Amino acid sequence: MALGVRRLSYGLGAEITGLDLRNPLDAATAAEIRKIWLENQVIVIRGQHITPAQQVDFGRHFGTLDDHKSLPFYRLQDHPEIFLITNKNVGGKPSETKDTGRLWHSDHSFTTHPTMASALYCREIPSVGGDTLFTNMYMAYDTLSDTLKRILDPLEAIHDITTYAPFRTRNQEQIAEMYRINPPVAQPVVRVHPETGRKALYVSEALTFRFVGMTEAESRGLLEYLWRHSIRPEFTYRHQWKVGDLLMWDNRCAMHMAPADYTPGEPRLMHRITILGTPSGRFYREEPAIKAAA
Ligand code: OGA
Ligand code: MN
């Protein structure tokens, strides 16, 4: 099958045409998709009519799927591989995932096995908005000065789910359990992509708390600069969803966020699959000297 590719922005993103995911993918086509995805970091396949099982089959071509044990409360019944992101009621109650991804982040960077890829399939979208933004973290790194690159290259930063502000309004019993499952993790500030070998910046406003070996006050200015720098408009792509879009991004070299850019009463429903990555980072033990200084 001949695939078409059309870039969607200067920063990142490409649309792939010529696919109907109701049909099984052959290995050669899956390899071609992977190549396009590695080159563009975000791929969009539009106009799909797929079931949860077909979405899961698609994901399995790219790796092992997460069953979302680190965030266990938001899974689709009978399909633990499908994570439900919606503002609709779930099981008769308001959804806990209606504010998913409001801050820039890379999925599961607060674990020692962060997600390689996430793929969202759009089932319902408001009449206006409900967009998702992406940014290219290779570009964010490449455009830093050589001096700052040398400072950042050996650093680690702490990614801590307890710093994720939107969780404060969710079900506190579930949140306490997720905090227990996910202790703080030290991640490299500059991550070498295991497939492309390229360096990408790996800090996010949602989850990065401070640099290892530095106090929060010392870290703040530089972290804020890096957050601001990494979302310069020329590094980004803003996806305006249509029902039937399947979009897959690379969490190792892209960040994303979902603004609250729609009327709350209008339904938005996404099915996400999450593809496991290689280990990155380490469980972090508190540094007594830093605690005393902070
Ligand atoms: C996610 C996420 C954003 C969105 O699925 O990881 O952050 O647009 N979603 O729903
Ligand atoms: Mn996310």
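For the numbers below, each heavy atom of this structure counts, side chains included, while hydrogens, waters and symmetry mates do not. Residue numbers count from 1 along this sequence. Numbering of ligands and ligand atoms starts at 1, following listing order. What you are looking at is a predicted structure, and each value in this text was computed from that prediction instead of being measured.
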field: Residue of the set K149, R198, R232, K199 for which salt bridge (charged side-chain N to carboxylate O under 4.0 Å, His left out) holds with D142
entry: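 Testing D142 for a salt bridge (charged side-chain N to carboxylate O under 4.0 Å, His left out) against K149, R198, R232, K199 leaves exactly one candidate, R198.
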
Mutual orientation of the aromatic rings belonging to Y237 and F134 [parallel < 30°, tilted 30-60°, perpendicular > 60°]: parallel

task: Anything under 30° is parallel, anything over 60° is perpendicular, the rest tilted; go ahead and classify F110 against H108.
output: tilted

field: Whether over 12 other heavy atoms sit under 6.0 Å from E173 CD
entry: no

query: Relative to the Mn ion (ligand 2), how many protein N, O or S atoms have a separation of less than 2.8 Å?
result: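 The number of such protein atoms is 3.
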
field: Pairing of E216 and R210 as salt bridge, 4.0 angstrom limit
entry: no

query: Charged N to carboxylate O under 4.0 angstrom, E32 versus K35?
result: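 No, this pair does not count.
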
- request: Check the side chains of R238 and T236 for a donor-acceptor pair under 3.5 angstrom, ignoring hydrogens and angles.
  value: no

Taking a 3.5 Å cut-off between nitrogen or oxygen atoms, can you list every pair linking ligand 1 to the protein, with distances?
residue, atom, partner, partner atom, Å
ligand 1, 5 (O), R272, NH1, 3.4
ligand 1, 6 (O), D107, OD1, 3.0
ligand 1, 6 (O), D107, OD2, 3.1
ligand 1, 6 (O), H256, NE2, 3.3
ligand 1, 6 (O), R272, NH1, 2.6
ligand 1, 7 (O), H105, NE2, 3.2
ligand 1, 7 (O), H256, NE2, 3.1
ligand 1, 8 (O), T132, OG1, 2.6
ligand 1, 8 (O), R268, NH2, 2.7
ligand 1, 10 (O), R268, NH1, 2.9

Set of residues satisfying side chain to side chain donor-acceptor pair (under 3.5 Å) with respect to T143, sequence neighbours excluded: H229

All pairs passing salt bridge (Lys or Arg N to Asp or Glu O under 4.0 Å) where residues 48-61 contributes a residue, at least two apart: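 Residue pairs passing salt bridge (Lys or Arg N to Asp or Glu O under 4.0 Å), neighbours aside: R60-E81.
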
